[in-house]
Every structure is written in structure tokens, then in C-alpha cells.
Novice: 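I am attaching a structure below and will ask some questions about it afterwards.
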Amino acid sequence: MIPLILSGGSGTRLWPVSRRNLPKQFLALSGDGTLFQQTVQRAEQLPDAAPPIVVASEDHRFLVADQLLDAGVEGAAIILEPLPRNTAPAIALGALKAMASDADAVLLVLPADHLIGDPASFRNAVARARPAAQQGWLVTFGIRPDRPDTGFGYIRRADPIDAHTYRVGRFVEKPDLATAQSYLADGGYEWNSGMFLFKASRYLQELQQHAPAMLAAAREAFASARADLDFIRIDRDAFARVPENSIDYAVMEKTAHAAVVPVDCAWSDIGSWSALWLAGTRDADGNLREGDTVAMNTRNSLLRSHARHLVATVGVEDLIVVTTPDATLVAHRDAAQDVKRVVDELKASG
Ligand code: GDD
Ligand code: MG
């Protein structure tokens with residue numbers, strides 16, 4: 001089994017800490033080490049895991065190499081994308097790389113920006129998913145939802161395949177709020193965790209069926225790759241011709257071969273400051289505090305200061321306050337998803 005670590009996202013909702021040159025997966029936001037390092041180490045602890053394939057932006061090549069070294073992970077293949085094309089092409093590159101040395105390779109696709117509080121349960125779920133993946137199912141890991149979050153894919157479970165795995169009856173990527181609410185009320189839906197286990201060959205067959213132009217262009221881009229130090233560099237012009245899409249829209253919503261293994265492993269996608277607040281260890285007033293902070297009569301807030309910059313709050317609740325050397329964010333916790341609009345605005349104004 002080969003872990004395929006997706007590390008190309010930009011994490012704009014965690015501005016101002018997450019930046020273009022240092023996106024969230026390369027930051028120590030919670031727990032020991034960065035989210036990327038926690039992911040590769042979690043993968044390494046799986047029985048029979050080969051060294052990982054990492055697919056990342058070429059801008060982050062030295063971050064990836066340094067953080068792998070620092071985490072003590074050896075032998076990784078690092079594929080560099082000259083521009084982002086979302087997850088379906090990134091996984092295609094990883095699948096082509098895996099199949100170059102093993103036509104039967106099984107891939108464990110892992111986003112580099114998730115927290116897993118209970119790694120033993122995660123390992124257990126991967127073992128449970130293995131037989132179905134080997135038989136040609138695209139297995140997702142289903143998380144029991146506790147809120148109608150519109151940032152996730154929703155999976156409706158159908159008939160069992162084996163003792164631990166079910167067919168997916170329906171896969172709906174990022175529904176609107178009313179739909180997400182109806183799924184929660186229905187009770188029969190799980191979140192797609194964004195982690196997948198499948199044979200590399202099966203994934204490529206699915207692309208052939210549901211996104212043939214993407215597969216053809218990804219094959220050409222992979223054929224154009226050249227080795228450079230420890231990196232596999234993809235040609236910019238060839239990769240620019242690959243249509244952009246996520247695995248969820250391009251494959252998972254369409255395939256007849258999706259399966260789900262339920263997993264309860266204290267999982268969270270650290271997509272926004274409110275997600276970090278939810279996942280973190282909060283004090284008796286419900287505050288998550290990092291660095292030098294004074295919180296007086298302050299509740300259910302996230303306060304994060306850098307270096308020796310003191311952050312003090314008085315008489316507030318449900319706030320996010322994050323300082324860095326050159327920027328300060330103050331937001332309502334309910335507006336955490338909109339932080340990316342600040343980044344859009346900054347980009348637009350150059
Ligand atoms: N290499 C590479 N290239 N990686 C990418 C790219 C890319 O162009 N775009 C995103 N990634 C990485 C991100 O860094 C992240 O680790 C992972 O792929 C998933 O991308 P996100 O952009 O974070 O996806 P999402 O959170 O909106 O949605 C996905 O994850 C949810 C769970 O967290 C979907 O799979 C949802 O269905 C799922 O519920
Ligand atoms: Mg995500």
C-alpha cells in the first residue's frame with residue numbers, strides 16, 4: 001500500500017497565518033509537528049505502508065523536502081505541480097507514478113491538512129477497507145456528521161459489501177445548506193473524509209470512463225516529467241492542458257464502484273479558524289488560546305498571538321483574533337469561512 005499525500009492546497013481561510021509561501025499544511029497548528037508531518041508519520045505507522053508519494057506545488061518543494069527530513073520519513077517520491085489543477089489530476093499523477101513500479105499498487109489518498117485524534121481507529125479502518133479496495137472498490141472513509149457543514153461531501157450508505165464496508169448509494173459533494181440540513185435530519189448520511197483507498201489501476205479506469213480528457217492530458221503531463229534532485233517535475237505547458245477538477249466531482253459523484261467504511265477517529269479537516277477552535281482543547285470559558293493572551297470576561301473565542309505580541313480581549317464572545325508580524329485578523333467565529341475573501345481582496349488589489 002502506497003500513501004499518496006495531497007499537499008497542494010493553499011489554505012486561504014486560515015489567513016493571516018497560512019500564506020501562499022507557507023500554507024496551512026506546513027504549519028504547526030495543533031499537536032506535534034506540522035499537519036503535513038503528522039500526516040506522513042501517521043501513514044508511516046500503517047502496517048505494510050511503502051514510502052509515500054507526495055504531490056505538492058513546485059513552490060513548496062523545499063518545505064516538503066525539509067519537513068520530510070525533519071519527520072524522519074525516507075524514500076518519498078515528490079511530484080511537483082507547476083500550477084494547481086485540484087485533486088483529480090494530482091491523484092492521477094500519483095496513480096501513474098505508483099503503477100510505473102507496481103501494476104497492482106493500492107493507494108491510500110491522504111489530504112495533508114487533517115487532524116486525527118485517534119490514530120489507532122484510523123489504522124483499523126484502513127485495514128477494514130483493504131479487502132474491498134483490493135476487489136476494485138473506491139473506498140471512502142465516512143465520518144458521522146454533527147452539523148450541516150456545506151464544505152464536505154455527503155455519502156448515503158447502501159447495502160453491505162462485507163462486514164465493514166458498504167456500497168455508496170449516493171455521493172453529493174458540497175450540498176447547499178438546506179440540502180445538508182435535510183441529510184442530517186435523514187440520519188442516513190455520512191461525511192466523506194476526503195481520504196480514499198483504491199487500486200491505482202481502478203482509479204485510472206474510472207477517469208477513463210468519467211473524465212477521459214483529463215486522463216489523456218494527465219498521462220501526457222506525466223510522460224513529460226523530469227527528475228530534478230529528489231523531485232519529479234511536471235512540465236508547465238503539459239500540466240496547464242489538464243482540465244481542473246476534484247476527485248469528488250470528477251469521479252466519486254459518478255462512479256458505480258464507490259464504497260464506504262465508517263470511521264470514528266476524532267477526525268477534523270482544519271479548513272478554517274472555527275474548525276481549529278472546534279478541534280482544539282479549549283479552556284473552561286471555551287477559549288482556545290495560543291501564545292501571549294489575556295482573556296477577561298471572554299468566551300468561546302480563538303486567540304492566537306505570535307512571538308511576544310500580547311493579545312488581550314475584554315467582554316467579548318465568539319471572536320477570532322489572530323496576529324502575525326504584518327497582519328491582524330479579527331472576525332466573528334460564524335464568519336470564519338469568509339476569511340478567504342480577505343485574501344481574494346488582497347490578491348485583487350495586488
Ligand atoms: N497536490 C495537490 N494539488 N493537492 C491539492 C490540490 C491540488 O491542486 N488542491 C487541493 N489539494 C489538497 C489539499 O491540500 C487538501 O489536502 C486535499 O487536497 C483536499 O483538498 P481541499 O481543497 O481541502 O478539499 P475540501 O476540503 O474542500 O473537500 C474535500 O475534503 C472534504 C473533507 O475534508 C472533499 O473530498 C470533500 O468531499 C470532503 O468532505
Ligand atoms: Mg480540506
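Just so it is clear, the values below take in all heavy atoms, side chains as well, and ignore hydrogens, waters and symmetry mates. In each ligand, atom 1 is the first atom listed, and ligand 1 is the first ligand listed. Numbers here are sequence positions counted from 1.
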Novice: Test your reading of the model: is there a side-chain donor-acceptor pair from R128 to the backbone of V261, 3.5 Å cut-off?
Specialist: no

Novice: Using 0.5 Å steps for rounding, measure from the CZ atom of F141 to the CZ atom of F122.
Specialist: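 The CZ atom of F141 sits 6.5 Å away from the CZ atom of F122.
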
Novice: When you check the space around the Mg ion (ligand 2), which protein N, O or S atoms turn up under 2.8 Å?
Specialist: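 Checking every protein N, O and S atom gives D269 OD2.
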
Novice: Taking atom OH of Y166 and atom CZ of R156, what is their separation to the nearest 0.5 Å?
Specialist: 13.5 Å

Novice: Using a cut-off of 6.0 Å, state whether more than 12 heavy atoms not belonging to R20 lie near its atom CZ.
Specialist: no

Novice: Which class fits the ring pair Y183 and Y154: parallel under 30°, tilted 30 to 60°, perpendicular over 60°?
Specialist: tilted

Novice: Applying salt bridge (charged side-chain N to carboxylate O under 4.0 Å, His left out), can you list everything that pairs with D248, at least two apart in sequence or on another chain?
Specialist: none

Novice: Identify all pairs of nitrogen or oxygen atoms, one from ligand 1 and one from the protein, separated by less than 3.5 Å, and list them with distances.
Specialist:
{"unit_1": "ligand 1", "atom_1": "1 (N)", "unit_2": "V55", "atom_2": "O", "d": "2.9"}
{"unit_1": "ligand 1", "atom_1": "1 (N)", "unit_2": "E81", "atom_2": "OE1", "d": "2.8"}
{"unit_1": "ligand 1", "atom_1": "3 (N)", "unit_2": "E81", "atom_2": "OE1", "d": "2.8"}
{"unit_1": "ligand 1", "atom_1": "3 (N)", "unit_2": "E81", "atom_2": "OE2", "d": "3.4"}
{"unit_1": "ligand 1", "atom_1": "4 (N)", "unit_2": "G8", "atom_2": "N", "d": "2.9"}
{"unit_1": "ligand 1", "atom_1": "8 (O)", "unit_2": "R85", "atom_2": "N", "d": "3.4"}
{"unit_1": "ligand 1", "atom_1": "8 (O)", "unit_2": "N86", "atom_2": "N", "d": "2.8"}
{"unit_1": "ligand 1", "atom_1": "14 (O)", "unit_2": "G9", "atom_2": "N", "d": "2.8"}
{"unit_1": "ligand 1", "atom_1": "16 (O)", "unit_2": "L6", "atom_2": "O", "d": "3.1"}
{"unit_1": "ligand 1", "atom_1": "16 (O)", "unit_2": "A112", "atom_2": "N", "d": "3.2"}
{"unit_1": "ligand 1", "atom_1": "16 (O)", "unit_2": "D113", "atom_2": "OD1", "d": "3.1"}
{"unit_1": "ligand 1", "atom_1": "26 (O)", "unit_2": "D269", "atom_2": "OD2", "d": "3.0"}
{"unit_1": "ligand 1", "atom_1": "27 (O)", "unit_2": "K174", "atom_2": "NZ", "d": "2.7"}
{"unit_1": "ligand 1", "atom_1": "28 (O)", "unit_2": "K174", "atom_2": "NZ", "d": "3.3"}
{"unit_1": "ligand 1", "atom_1": "33 (O)", "unit_2": "H114", "atom_2": "NE2", "d": "3.4"}
{"unit_1": "ligand 1", "atom_1": "33 (O)", "unit_2": "D269", "atom_2": "OD2", "d": "2.5"}
{"unit_1": "ligand 1", "atom_1": "35 (O)", "unit_2": "N192", "atom_2": "ND2", "d": "3.2"}
{"unit_1": "ligand 1", "atom_1": "35 (O)", "unit_2": "D248", "atom_2": "OD1", "d": "2.7"}
{"unit_1": "ligand 1", "atom_1": "35 (O)", "unit_2": "D248", "atom_2": "OD2", "d": "3.1"}
{"unit_1": "ligand 1", "atom_1": "37 (O)", "unit_2": "G153", "atom_2": "N", "d": "3.1"}
{"unit_1": "ligand 1", "atom_1": "37 (O)", "unit_2": "E173", "atom_2": "OE1", "d": "2.5"}
{"unit_1": "ligand 1", "atom_1": "37 (O)", "unit_2": "E173", "atom_2": "OE2", "d": "3.4"}
{"unit_1": "ligand 1", "atom_1": "37 (O)", "unit_2": "N192", "atom_2": "ND2", "d": "2.8"}
{"unit_1": "ligand 1", "atom_1": "37 (O)", "unit_2": "D248", "atom_2": "OD1", "d": "3.4"}
{"unit_1": "ligand 1", "atom_1": "39 (O)", "unit_2": "G153", "atom_2": "N", "d": "2.9"}
{"unit_1": "ligand 1", "atom_1": "39 (O)", "unit_2": "N192", "atom_2": "O", "d": "2.5"}

Novice: Please report the interatomic distance CZ(F26) to CG(D66), rounded to the nearest 0.5 Å.
Specialist: 10.5 Å

Novice: With sequence neighbours excluded, tell me which residues meet salt bridge (charged side-chain N to carboxylate O under 4.0 Å, His left out) with R19.
Specialist: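 Per chain and number, R19 pairs via salt bridge (charged side-chain N to carboxylate O under 4.0 Å, His left out) with D326.
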
Novice: Can a cation-pi geometry be assigned to R282 and W277, taking NZ or CZ under 6.0 Å from the six-membered ring centre and within 45° of the ring axis?
Specialist: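 The answer is yes, since R282 meets both limits relative to W277.
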
